[in-house]
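Heads up: the structure comes next, in structure tokens.
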Amino acid sequence: MILGIETSCDDTSAAVYDGRRLLSNVISTQLIHRNFGGVVPELASRSHIPLILPVIRQALDQAGISKSAIEGLAVTHGPGLAGSLLVGLSTAKGLSLGLGIPFAGINHLEGHIWANELAHPEIKPPFVVLIVSGGHTQVVHVPEWGTYRVLGRTRDDAAGEAFDKVGKLLEAGYPGGPVIERLARDGDPEAVRFPRAYLGEDSLDFSFSGLKTAVLNFVRKHGLENVKKNLPNIAAGFQSAVLDVLVDKILLAVRLTGVKTACLAGGVAANRALQQRLLNTASQQGVSVFWPPPALCSDNAGMIARAGYFYLSRGDVSPQDLSPRPALNL
Ligand code: KG4
Ligand code: ZN
């Protein structure tokens, strides 16, 4: 029985995993950042403090267990915002000492990958996974659980960050990802063509800053008021440029590694146009595709608890002096 804790960015989350399924997965999203059009690190870390214990209490209540039933703790220790990570990690260490149970520090990105297994336990490595979120865009080869080979990553903005920045400059709302997806449903993706950065035929790296600048230049040229009258087409043109690159690169990774399965992970994986585009292209090539349901795509402690179960079951326990690692890689 594992209690998972996740506080790497602006979501305070706790979950209980019993070795077979999630018994609870409570997520409290900090709404204060909406006022600023982006996450303010200092506010994020402070906001975790009053939330973390009530969120853990709620996760235990929803699971129908008392804290004495927990056998191990799993907590994100990186990557993420230093102050935010510190709140979850300190809480886990305190509980570990107080309850006399082990804890495992978990890589947030590995957690996103495990979210696929939570939703689809039939997934077995080897596979490739595209992690696309507000902070990360990378293609990873997973030959077996616990082994991760990063094949390519973004050289500038993450895909979710591009959605958020474009949402902000179009004054469409925050976070930009879900807003742009909704607008794009009523737009024509061919009406405005934005550039796609492939960075070379065999490259699995990404770049989205040029695309963001192209949207900015479009707005400067036509004026924000005119652009606002045509938001669905602009949103569809932008989204299509992002998705073309994401889908092409994950299928290139499938070809280069010879695997037969591709997964999506992270907040942007909730984008239904991305899911459908990948499904259509991959099925023509005999590739199986998976993605988690929306609640397991965005940041949540369920995925951390699942990863923790893997490590604690094989005796991989973290020491009490484990530090937050804001820039931790896979
Ligand atoms: O994984 P996540 O919750 O947090 C990070 O670790 O970054 O991802 C949040 C990101 C935000 O940039 C948000 O705009 C994006 O995921 N996102 C989406 C969608 N839903 C969330 N992007 C595109 N389409 C969506 N439907
Ligand atoms: Zn994340």
Side-chain angles (χ1 to χ4, degrees), residues 4-13 15 25 27-31 33-34 36-39 41 44 76-81 84-85 88 106-116 129-138 140 153-154 157-170 172-185 187 206 208 211-212 235-236 238-247 263-278 291-304 306-307 326-330:
I5 297 174
E6 154 67 40
T7 62
S8 65
C9 191
D10 61 333
D11 294 307
T12 314
S13 182
N25 194 11
I27 304 164
S28 173
T29 301
Q30 303 173 0
L31 298 179
H33 307 285
R34 284 169 197 257
F36 302 92
V39 176
T76 306
H77 78 117
L81 302 170
S84 291
L85 291 166
I106 300 298
N107 183 315
H108 178 81
L109 297 169
E110 181 175 0
H112 275 302
I113 299 174
W114 277 104
N116 276 283
V129 54
L130 174 71
I131 306 176
V132 262
S133 69
H136 301 274
T137 299
Q138 43 188 264
V140 182
R153 51 162 57 95
T154 183
D157 293 346
E161 190 180 358
F163 271 96
D164 294 339
K165 286 179 175 171
V166 166
K168 194 171 174 178
L169 75 90
L170 295 175
Y174 173 84
V179 177
I180 288 181
E181 179 181 13
R182 220 173 305 122
L183 284 166
R185 279 186 208 139
F206 302 85
F208 295 106
L211 171 60
K212 176 193 63 192
F238 163 77
Q239 177 171 274
S240 193
V242 176
L243 302 193
D244 273 356
V245 176
L246 292 180
V247 169
C263 304
L264 299 172
V268 184
N271 185 295
R272 292 180 62 182
L274 169 62
Q275 297 165 355
Q276 286 314 311
R277 205 179 284 216
L278 178 63
W291 55 81
L296 293 174
C297 284
S298 48
D299 291 348
N300 69 90
M303 66 190 198
I304 303 303
R306 178 64 189 88
L328 187 65
N329 284 319
L330 264 178

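As the structure lists them, so they are numbered: ligands from 1, and atoms in each ligand from 1. The figures here come from the full heavy-atom set of this structure, side chains too, leaving out hydrogens, waters and symmetry mates.
Asn271 ND2, 3.0 Å is the protein heavy atom nearest to atom 24 (N) of ligand 1. In this structure, atom 26 (N) of ligand 1 lies nearest to the protein heavy atom Glu181 OE1, 2.7 Å. Summary of contacts: the protein heavy atom closest to atom 7 (O) of ligand 1 is Gly134 N, 2.8 Å. Of the protein's heavy atoms, Val268 CG2, 3.9 Å lies nearest to atom 15 (C) of ligand 1.
Lys165 is listed as a side-chain neighbour of Asp157, based on a closest heavy-atom distance under 4.5 Å. Under the 4.5 Å side-chain criterion, counting only non-hydrogen atoms from C-beta, His136 is in contact with Pro79. Residues Leu130 and Phe206 meet the side-chain proximity criterion, which asks for heavy atoms closer than 4.5 Å. Counting heavy atoms from C-beta on, the side chains of Val242 and Leu211 come closer than 4.5 Å.
Here the straight-line distance linking atom CG of Asn25 with atom OG of Ser13 works out to 5.0 Å at 0.5 Å rounding. The structure places CD1 of Ile27 at 5.5 Å from OG of Ser298, a figure rounded to the nearest 0.5 Å. Rounding to the nearest 0.5 angstrom, the gap separating the NE2 atom in His112 from the CG atom in Leu264 is 12.5 Å. Taking CD1 of Ile113 as the reference point, atom CG of Leu330 lies at 5.0 Å (rounded to 0.5 Å). In this structure, CG on Asp10 lies 8.0 Å from CG on Leu81, to the nearest 0.5 angstrom.
For CZ of Arg272, the number of neighbouring non-hydrogen atoms (other residues, nucleotides, ligands) closer than 6.0 Å is 12 at most.
Not one N or O of Phe163 is nearer than 3.5 Å to an N or O of ligand 1, by distance alone. Between Ser298 and ligand 1, a contact under 3.5 Å exists for no N or O pair. For ligand 1, the polar-atom distance check against Pro175 finds no nitrogen or oxygen pair separated by under 3.5 Å. Considering backbone and side-chain atoms alike, Asp164 places an N or O below 3.5 Å from some N or O of ligand 1.
Residue Gly160 approaches ligand 1 through these ligand atoms, each under 4.0 Å from one of its heavy atoms: 12 (O). Each of the atoms 1 (O), 6 (O) of ligand 1 lies under 4.0 Å from some heavy atom of His112. For ligand 1 and Gly135, the ligand atoms under 4.0 Å from any heavy atom of the residue are 7 (O).
Ring centroids of Phe163 and Phe238 are separated by less than 6.0 Å, placing the two rings close together.
Residue contacts with ligand 1 for His108 involve side-chain atoms from C-beta outward but no N, CA, C or O (heavy atoms, distance under 4.0 Å). By the criterion of a heavy-atom distance under 4.0 Å, neither the backbone nor the side chain of His136 is placed next to ligand 1. At a 4.0 Å heavy-atom cut-off, ligand 1 touches Asp299 through backbone and side chain alike.
Closest to atom 21 (C) of ligand 1 by heavy atom, among Gly267, Gly266, Gly177, is Gly267.
Residue Gln138 forms a side-chain contact (heavy atoms from CB on, under 4.5 Å) with just one option from Val132, Val129, Asn329, Leu109, and that option is Leu109.
Protein N/O/S atoms found under 2.8 Å from the Zn ion (ligand 2), listed by chain and residue number: His108 NE2, His112 NE2, Asp299 OD1.
With Gln30 contributing its side chain and Ala44 its backbone, the two residues share a donor-acceptor pair below 3.5 Å.
In this structure, Cys9 does not count as a contact residue of ligand 1, since none of its heavy atoms falls inside 4.0 Å of the ligand.
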Derivation of the side-chain hydrogen bond (donor to acceptor under 3.5 Å, both in side chains) call for Thr29 and Asp11: CA-CA 5 Å; Thr29 301; Asp11 294 307; 2.9 Å; yes
